[in-house]
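This report refers to the structure that appears directly beneath it.
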2 protein chains.
Amino acid sequence: MTANKSKKADIITVAKAARVSPSTVSRYFNHPELLKSATRKRIDSAVRRTGYIRNRAAQTIHGIRSGTIGVLIPTLDHAIFAEVVQAFSDAVAAQGFTILLASHGYDLQREYAILRKFLEHRVDGVVLTGLDHDEAVFQLLDSQEIPCVLMWNYAAGSRYPSIGADNEQAGRLIAEHVLSLGHRQIACMFPPTNGNDRALARREIVLTTLRSAGVTVRDEWMLTTRYSISDSKEDAKRLFCQTNRPSALICGNDILATGALYGATASGLIVPSDVTVVGIGDFKGSSEIEPALTTVRLPARRIGHEAGQALVTAIIDPVSGAGGSLHCAPEFIGRQSSAPPA
Amino acid sequence: MTANKSKKADIITVAKAARVSPSTVSRYFNHPELLKSATRKRIDSAVRRTGYIRNRAAQTIHGIRSGTIGVLIPTLDHAIFAEVVQAFSDAVAAQGFTILLASHGYDLQREYAILRKFLEHRVDGVVLTGLDHDEAVFQLLDSQEIPCVLMWNYAAGSRYPSIGADNEQAGRLIAEHVLSLGHRQIACMFPPTNGNDRALARREIVLTTLRSAGVTVRDEWMLTTRYSISDSKEDAKRLFCQTNRPSALICGNDILATGALYGATASGLIVPSDVTVVGIGDFKGSSEIEPALTTVRLPARRIGHEAGQALVTAIIDPVSGAGGSLHCAPEFIGRQSSAPPA
DNA sequence: CTAATTTATGAAAACATTTGCAAAACTATT
DNA sequence: AATAGTTTTGCAAATGTTTTCATAAATTAG
């Protein structure tokens, strides 16, 4: 490997080294079958000697795809998004795409700014998290005519194809389970809902389902808790210390439920005989925690994978490839943290 | 907002709409102070009307920075890496950079391929995870003269600046703690170490520390367990069911320790009175789990942040900015899962 | 051994920008 | 009102590729 003394090698450097024209080198990469195998060999060696690396930026300005996909999520700090992104990334990497990743931290203004930046980089497609976005975001997407999918949530009439689970269904499943066990004294713990359509949808449907069964949740049992195990543990402890405590606690996600489980243990309560705790999500660890958590599975890996596939298809074949939404059904998972009231 | 009927607007479209030359539009973006405020206004409106979005690909071929940084990690599925990446991303986004993210799943061949792809995209810098990489990776980095930092681990003489914690120190801290409590019957649970220098370093130092205190770990107490709560729970259960069980279990990371804690509970053991369980990492949730986990904190957020800062500095100011390594010291965190043997 | 095909290569234009240089348009000064 | 000095703008070349079209080389047929 002869070190290249001069600056970065470009296609012309390689052409000279191989004693061919730049066009031929270009063909070597893009249509190798058009070359005589002797020239191919020659170029091969020249590429190696010069340490040449193709410049995608230069290709991109010819209208050739950039080979990048913009991924916009709220935050990687929630393991569930990390899981979705990992699956998405695997799916698109298998087809030669690389992801540009950015997080907006539930700030819809930042989401718009990030999307613009993605477009400056000429991404071939974009994934957004959730269904709810600033109108400006959708308009930008419309005007650029760029493939886009909304990942994580599903809704039939979403503005762009949505691939994910139906939060309403998830919320209903868990609420019905708790009701069917016979609970009437029910508390709820949900994350703040600003800029977070997922949490909002779940909370609404849970309350509606309870109400239509004649159960109303008392105000002081309606907890808004930050997405963190420590906060939920604290709030649960406070809730469980009251003389008058609920027989069941429905949590908006498994992180909150995990904290609530710890909080119950710390308060000296036994789950599920003293109190039922359920979550939504079936995160990693939810099945191993003691007691194992009753929850509703949102198939994160599957969602990420399907979203990746769908977007790549839409990119590669823009006419027929513009697929529709896909519902990845949530599934009730009964484990040990729920039981009939004492 | 007049919709742009024709294809994508380029700088020429804008120039026509504003009745100036393309150069002036270019200056509008790159050196606005050179323009008369009247022309600036005119261009401003033209940009808006045409819906023009700058093309970074076209800029990049002029040697202008691409504004992207390649981030190469083993996997996002380990929450700790997700946390590091999030912090890194925040740090560089604040300076206008966007990250290209890819994971290699502990496959060093893939790492090389991904790095090449990053270079094709003309990233302005690269972060790799851990100190250990294929020689080809380093050579490629050398030949391209691109800023690079090794994130997560620290070692004094690393080939590129390393920013992270010293795993040896972390391993030593936890081993010394367990020894100082008086344990002699000690088991270890570590993840598979192929392609994973972090885990390897930790295991070696733990064993060495124990040995130099006269404690040898029996073969059947030397567990190799996949990084997952369910696997570690199973393995821990098996370990704890034996008639002859250890008085302490040192786990290579907090995920394994969490599973071990669950496994102990499931086996009817009380931690820490029956058995001590400790981890390494201080992951999210480690302080809230019941009993709270004794561990060594690896400051993930700080590491990600510092790495981001360092890389951006090296990119922006290549001469003086090529900073050195940075050690983010691990810290022993004593909690409730450890106690002297019965 | 030509002529007719087919295959392989090169020249030049195109892509969307930036930038050095020079010209034009202002200002200030006399 | 003319000149000198500044500020603002445009022209054209450059960036690293791809691609169309044309030409040269190789192959096949007659």
Side-chain angles (χ1 to χ4, degrees), chain A residues 4 6-44 46-47 50-68 116-117 119-124 144, chain B residues 4 6-44 46-47 50-68 116-117 119-124 144:
Chain A
N4 48 325
S6 64
K7 287 289 88 181
K8 300 274 170 65
D10 63 3
I11 206 173
I12 297 179
T13 318
V14 177
K16 280 191 184 130
R19 322 201 128 271
V20 295
S21 75
S23 348
T24 307
V25 179
S26 172
R27 274 187 280 258
Y28 165 82
F29 286 109
N30 300 306
H31 314 282
E33 73 284 358
L34 293 181
L35 295 199
K36 220 153 93 177
S37 91
T39 11
R40 219 176 311 167
K41 278 240 166 59
R42 215 136 36 89
I43 296 177
D44 199 69
V47 167
T50 54
Y52 171 66
I53 292 188
R54 303 168 77 186
N55 187 335
R56 280 209 93 126
Q59 308 182 261
T60 301
I61 64 171
H62 282 267
I64 290 172
R65 288 197 296 264
S66 69
T68 57
R116 278 200 78 95
K117 195 154 271 182
L119 293 171
E120 290 186 0
H121 284 292
R122 294 298 189 264
V123 292
D124 299 327
Q144 298 303 114
Chain B
N4 50 326
S6 63
K7 286 287 91 181
K8 301 273 170 66
D10 61 4
I11 206 173
I12 298 179
T13 318
V14 178
K16 280 190 183 130
R19 320 199 132 274
V20 295
S21 76
S23 348
T24 306
V25 178
S26 171
R27 273 187 280 259
Y28 165 81
F29 285 109
N30 299 307
H31 313 282
E33 74 283 358
L34 294 180
L35 296 199
K36 215 152 98 179
S37 90
T39 15
R40 219 176 313 168
K41 278 241 166 62
R42 213 134 40 86
I43 295 177
D44 198 69
V47 167
T50 53
Y52 170 66
I53 292 187
R54 302 167 76 185
N55 187 335
R56 280 210 94 126
Q59 308 183 260
T60 300
I61 64 172
H62 283 268
I64 290 172
R65 287 199 296 265
S66 69
T68 57
R116 277 200 80 95
K117 196 155 272 182
L119 293 171
E120 290 186 1
H121 284 291
R122 294 298 189 264
V123 292
D124 298 326
Q144 298 304 114

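Note: hydrogens, waters and symmetry copies are ignored here, and every other heavy atom, side chains too, is used. Chain letters run A, B, ... following the sequence lines, proteins first and then strands; every chain starts at 1.
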> With a non-hydrogen cut-off below 4.0 angstrom, is Thr60(A) in contact with a base, only sugar-phosphate, or nothing?
Replying inline: nothing
> Pick one: which of Asn55(B), Ile53(B), Thr68(B) meets side chain to side chain contact (heavy atoms under 4.5 Å, CB included) with His121(A)?
Replying inline: Thr68(B)
>> Checking Thr24(A) against Ser21(A): is there a side-chain donor and acceptor pair closer than 3.5 Å?
In response: yes
> Are any side-chain N or O atoms of Arg42(B) and backbone N or O atoms of Ala18(B), one a donor and one an acceptor, separated by less than 3.5 Å?
Replying inline: yes
> Would you find a donor on one side and an acceptor on the other, under 3.5 Å apart, between the side chain of Ser66(A) and the backbone of Arg122(A)?
Replying inline: yes
>> Would Thr39(B) and Tyr28(B) count as a side-chain contact (heavy atoms from CB on, under 4.5 Å) here? Give the steps.
In response: CA-CA 9 Å; Thr39(B) 15; Tyr28(B) 165 81; over 6 Å; no
Once you round it to whole Å, what is the distance between [atom2] of [N] and [atom1] of [X]?
X	N	atom1	atom2	value
Arg40(A)	dA8(C)	CZ	C1'	11 Å
Leu35(A)	dA26(D)	CG	C1'	15 Å
Arg19(B)	dT9(D)	CZ	C1'	16 Å
Leu34(B)	dT9(D)	CG	C1'	10 Å

> Just by protein heavy atoms under 4.0 Å, how would nucleotides 16-24 of chain C read 5' to 3' in B, S and -?
Replying inline: BBBBB----
>> I need the minimum non-hydrogen distance between Ala46(A) and Val14(A), along with the two atoms involved.
In response: CB-O, 3.8 Å
>> On DNA chain C, compare the nucleotides closest to Lys36(B) and Ser21(A); which residue's is nearer the 5' end?
In response: Ser21(A)
